[in-house]
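Data first, discussion second: the structure below is written as structure tokens.
All values reported here derive from a predicted model rather than from experimental measurement.
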Amino acid sequence: MKLCVALDLSSAAENLAVVSQLSGLDIWLKIGLRSFIRDGWKFVDAARRESGAKIFLDLKLYDIPNTMADSAREIADRGVEMFNIHASAGKTAMERAAAAIANSAAKPILLAVTALTSFSADEFAAVYHAEVEAAAREMALMARGAGLNGVVCSVWEARAIKAAAQKNFIALTPGIRFADGAADDQSRVATPEEAARQGADFIVMGRPIIADRDPRSAAIRALNAIKNNAH
Ligand code: C5P
């Protein structure tokens, strides 16, 4: 299991300061909407240069199939190692995005977001009229059928999704908190230890690391939890 650190701070300088504090650790860096909207590709390149770490571009694309395919191609051409789209954009949109990057030189890992980890069961039902775990599993199977490499889901769906999808299908799980940490706005949270036990392939941690007084120690704490619960 790999640790992805979410660079969600309020300036590129602050994010890059965290990146340099984490140098040499075996991590991926996740660049999401806040940082990308503000700092763009320049920041993606700077983070990569500063750390040498692989980049997960977490933009959660959601649009019509043609726009998804074109955008996926643009992202792949920039050489990021992983990015994501929403499963609820539908199977055609996922197929088109997967096909658009199939011949790219970088061949990034393409994941589908199932249910955001901030959704409570009630809030999810109000939007999707479905039960969250069953819907996440269905979306995962649709994503696999569309040729994607895996999904973003909560730890609590990871095991069932991996069992249903089989064959190296990736589960990347945000909503990770240390046992003594605050949940913030996340609803379906779990510890790094639990994520490892549930078979997640990647965990994403933002605030428990980047908002800590000592991000390096916090990241090492997560890496040790991963190592001690390896599957
Ligand atoms: O600070 P925290 O650990 O909650 O950060 C989680 C990160 O993962 C955020 O960047 C958030 O946008 C992202 N994310 C998520 N739930 C998803 C997909 C991505 O929390 N389903």
Side-chain angles (χ1 to χ4, degrees), residues 1-2 4 6 8 30 32-33 56-69 71-72 75 82-101 108-177 183-192 194-207 231:
M1 189 169 88
K2 291 284 182 197
C4 263
D8 292 334
K30 184 179 91 67
L33 285 173
F56 167 31
L57 190 65
D58 178 23
L59 300 183
K60 304 186 185 71
L61 305 183
Y62 185 106
D63 214 310
I64 59 172
N66 194 57
T67 305
M68 297 270 273
S71 312
I75 289 172
M82 180 157 71
F83 71 103
N84 58 2
I85 63 183
H86 269 284
S88 45
K91 190 165 186 191
T92 307
M94 288 195 281
E95 281 170 348
R96 291 281 309 278
I101 63 167
I109 297 170
L110 178 55
L111 303 178
V113 178
T114 56
L116 295 172
T117 44
S118 54
F119 270 130
S120 64
D122 286 349
E123 217 182 346
F124 186 83
V127 178
Y128 292 94
H129 306 289
E131 189 269 320
V132 63
E133 279 172 28
R137 207 162 48 239
E138 265 174 46
M139 288 185 203
L141 291 175
M142 196 186 289
R144 191 196 59 175
L148 273 65
N149 305 107
V151 289
V152 182
C153 62
S154 94
V155 164
W156 306 109
E157 291 126 30
R159 184 181 291 280
I161 284 176
K162 286 189 65 90
Q166 297 175 340
K167 278 200 293 195
N168 305 326
F169 197 67
I170 292 169
L172 175 143
T173 61
I176 305 296
R177 292 294 180 267
D184 305 309
D185 63 340
Q186 298 283 14
S187 289
R188 301 186 335 277
V189 297
T191 60
E194 190 62 43
R197 282 195 291 270
Q198 296 295 326
D201 300 284
F202 289 87
I203 54 170
V204 171
M205 295 183 83
R207 287 161 289 185
H231 60 278

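Within the 3.5 Å criterion, the main-chain N or O of Ile203 finds no donor-acceptor partner in the side chain of Lys2. Of the possible polar contacts, none joining the Trp156 side chain to the Glu133 backbone as a donor-acceptor pair under 3.5 Å is found. Looking at Asp58, its side chain never comes within 3.5 Å of a backbone N or O of Lys30 through a donor-acceptor pair. Side-chain atoms of Glu131 come within 3.5 Å of backbone N or O of Ala134 as a donor-acceptor pair. The closest donor-acceptor contact from the side chain of Arg96 to the backbone of Ile64 lies at 3.5 Å or more, if one exists at all. At distances below 3.5 Å, at least one donor-acceptor pair connects side-chain atoms of Asn149 with backbone N or O atoms of Leu110. Under the 3.5 Å distance criterion, the side-chain polar atoms of Thr117 are left unmatched by any main-chain donor or acceptor of Gln186. With hydrogens and angles disregarded, a donor-acceptor distance shorter than 3.5 Å links the side chain of Glu157 to the backbone of Ser154. In this structure a side-chain-to-backbone donor-acceptor pair under 3.5 Å is missing from Asp184 to Arg207.
Among the candidates Ile85, Thr67, Val113, the single residue satisfying the side-chain contact (heavy atoms from CB on, under 4.5 Å) test with Leu61 is Ile85.
You'll find the side chain of Phe83 reaches within 4.5 Å of the side chain of Ile101, heavy atoms only. Annotation: side chain of Phe119 is not in contact with side chain of Ser187 (no heavy-atom distance under 4.5 Å). The shortest distance between side-chain heavy atoms of Lys91 and Glu95 falls below 4.5 Å. Residues Ile170 and Val151 fail the side-chain proximity criterion, which asks for heavy atoms closer than 4.5 Å. Within the 4.5 Å cutoff, the side chain of Arg188 has heavy atoms near those of the Val132 side chain. Taking the side chain as every heavy atom from C-beta outward, Leu111 and Met82 approach each other to under 4.5 Å. Contact check for Val155 versus Ile176: side-chain heavy atoms found under the 4.5 Å cut-off.
Heavy atoms only, all atoms of each residue included: Ala143 and Ala112 are closest at CB-CB, 3.7 Å. For the pair His86 and Met94, the tightest heavy-atom approach, listed with the atom from each and the gap, is O-CG, 4.4 Å. For Phe56 against Cys4, the heavy-atom pair with the smallest separation is CD2-SG, 4.1 Å. Closest approach of Ala97 and Met68 over heavy atoms only: CB-O, 4.3 Å. Heavy atoms only, all atoms of each residue included: Ala183 and Val189 are closest at CB-CG1, 4.3 Å. Shortest non-hydrogen contact noted between Gly147 and Ala98 is O-CB, 4.0 Å.
Note that the OG1 atom of Thr173 and the CZ atom of Phe202 stand 10.5 Å from one another [nearest 0.5 Å]. Summarising the geometry, atom SG belonging to Cys153 is positioned 10.0 Å from atom CD belonging to Gln198; distances are rounded to the nearest 0.5 Å. For the atom pair CE of Met139 and OG of Ser88, the computed distance is 5.0 Å after rounding to the nearest 0.5 Å. Rounded to the nearest 0.5 angstrom, Thr114 OG1 and Met142 CE are separated by 12.0 Å. Rounding to the nearest 0.5 Å places CG of Leu148 at 7.0 Å from CZ of Phe169.
Taking Asp63 as the reference, nothing meets the salt bridge (charged side-chain N to carboxylate O under 4.0 Å, His left out) condition, with sequence neighbours excluded. Every residue was checked against the salt bridge (charged side-chain N to carboxylate O under 4.0 Å, His left out) condition with Arg144, not counting sequence neighbours, and none meets it.
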side-chain contact (heavy atoms from CB on, under 4.5 Å) between Leu116 and Lys60, intermediate numbers included: CA-CA 10 Å; Leu116 295 172; Lys60 304 186 185 71; 3.9 Å; yes
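Around CG of Asp185, the count of heavy atoms belonging to other residues, nucleotides or ligands within 6.0 Å exceeds 12.
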